[in-house]
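Predicted, not measured: the structure shown is a model, and the values here were computed from it. What you see below is based on every heavy atom in this structure, not just the backbone, and it leaves out hydrogens, waters and symmetry mates. Residues: numbered from 1 along the sequence shown.
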Amino acid sequence: MAYRRIHLWISLIVGAVVWGGYFLHFARMLKAGDLDGLVWWFLGALVAAAAIEAAATGLVAWLFRRRKRAMDDGPALKAALKAGHVALMLLIVMNLGFAGLLAFAAAVNWTPDLMASHGLVLAANLILAMAVIAEWARAALTLALLPRR
């Protein structure tokens with residue numbers, strides 16, 4: 001398996017485990033009605049995701065250091081560009097959907113109290129979820145579009 005493919009798998013797996021765990025914890029806290037300390041869980045998940053992915057990718061790079069590999073940027077670069085474009089469009093659609101939801105709420109005179117603690121936490125986690133979903137889509141689609149060898 002090529003280094004690029006392994007790195008994408010690492011990104012998908014680490015992201016699914018770390019952010020999946022974070023959002024599961026967030027849902028439990030939301031259900032309990034106690035969102036205190038969530039910022040520390042977010043920062044912990046962010047540091048854990050970055051550290052685990054960097055360590056795993058570094059280990060794979062070290063293991064592959066002696067293997068002579070040609071940088072096949074043609075098809076691999078095209079796959080990454082297509083996947084990046086799709087992920088960007090997905091992120092834009094999700095953001096426009098959120099903005100549309102807020103605009104609809106304003107049109108029917110329902111004003112969510114986004115300045116309250118819960119409102120800000122919900123909005124921040126919704127935006128975080130959009131970014132995580134777009135990143136998963138990019139990595140998964142890149143994997144799907146990479147040419148088989």
Side-chain angles (χ1 to χ4, degrees), residues 1-65 69 71 73 75-146:
M1 191 179 301
Y3 173 73
R4 188 174 303 214
R5 192 176 305 273
I6 292 171
H7 177 262
L8 288 167
W9 275 111
I10 289 169
S11 180
L12 277 172
I13 293 168
V14 169
V17 170
V18 172
W19 292 114
Y22 170 79
F23 284 117
L24 183 63
H25 180 73
F26 170 71
R28 287 182 188 149
M29 289 180 78
L30 191 61
K31 185 177 179 184
D34 178 26
L35 297 174
D36 292 338
L38 190 63
V39 68
W40 301 114
W41 281 89
F42 166 74
L43 291 174
L46 186 63
V47 168
I52 295 168
E53 191 169 336
T57 302
L59 177 64
V60 170
W62 182 76
L63 292 173
F64 273 67
R65 74 188 183 285
R69 30 179 220 281
M71 290 301 284
D73 282 336
L77 183 59
K78 284 183 182 179
L81 289 173
K82 284 180 186 177
H85 180 72
V86 170
L88 175 63
M89 293 301 108
L90 177 63
L91 185 60
I92 289 171
V93 165
M94 288 187 292
N95 277 292
L96 289 175
F98 184 52
L101 182 66
L102 292 176
F104 177 76
V108 296
N109 247 0
W110 180 71
T111 54
D113 189 7
L114 290 180
M115 294 315 291
S117 167
H118 281 352
L120 289 174
V121 169
L122 289 173
N125 278 279
L126 183 61
I127 293 167
L128 172 64
M130 288 185 234
V132 169
I133 289 167
E135 175 56 22
W136 286 345
R138 184 204 59 80
L141 191 55
T142 302
L143 275 171
L145 294 174
L146 279 175

Going through the distances and angles, do Y22 and L46 end up as a side chain to side chain contact (heavy atoms under 4.5 Å, CB included)?
-> CA-CA 10 Å; Y22 170 79; L46 186 63; over 6 Å; no
Where do K82 and L141 land on the side chain to side chain contact (heavy atoms under 4.5 Å, CB included) test, with the steps shown first?
-> CA-CA 8 Å; K82 284 180 186 177; L141 191 55; 5.9 Å; no
Note: H7 and T57 closest approach over all heavy atoms is CD2-OG1, 3.1 Å
To the nearest 0.5 angstrom, please state how far the CD1 atom of I6 sits from the CD1 atom of I10.
-> 7.0 Å
Report yes if some heavy atom in the side chain of W41 is under 4.5 Å from a heavy atom in the side chain of L38; otherwise report no.
-> yes
Rounded distance [0.5 Å steps], CG in L126 versus CZ in F98 | 5.0 Å
Would you please test I92 and L96 for side chain to side chain contact (heavy atoms under 4.5 Å, CB included) and show each step?
-> CA-CA 6 Å; I92 289 171; L96 289 175; 3.8 Å; yes
Student check: side-chain heavy atoms of L146 and L8 closer than 4.5 Å | yes
Minimum heavy-atom separation for A87 to A134, with atom names?
-> CB-O, 3.3 Å
Drop me the distance from I127's CD1 to L122's CG, to the nearest 0.5 angstrom.
-> 11.0 Å
What are the two closest heavy atoms between A49 and W19, and how far apart are they?
-> CB-NE1, 4.0 Å
Locate the shortest heavy-atom distance separating V18 from A45; write the atom from each residue and the value.
-> CG1-O, 3.3 Å
Knowing that exactly one of D36, L24, L35, V121 qualifies, which makes a side-chain contact (heavy atoms from CB on, under 4.5 Å) with M29?
-> L35
Least distance between heavy atoms, R5 atom then L143 atom = CG-CD2, 3.4 Å
State, to 0.1 Å, how close R138 and A83 come at their nearest heavy-atom pair, and which atoms those are.
-> O-CB, 3.5 Å
Find the distance between CZ (F104) and CG (L101) and round it off to the nearest 0.5 Å.
-> 8.5 Å
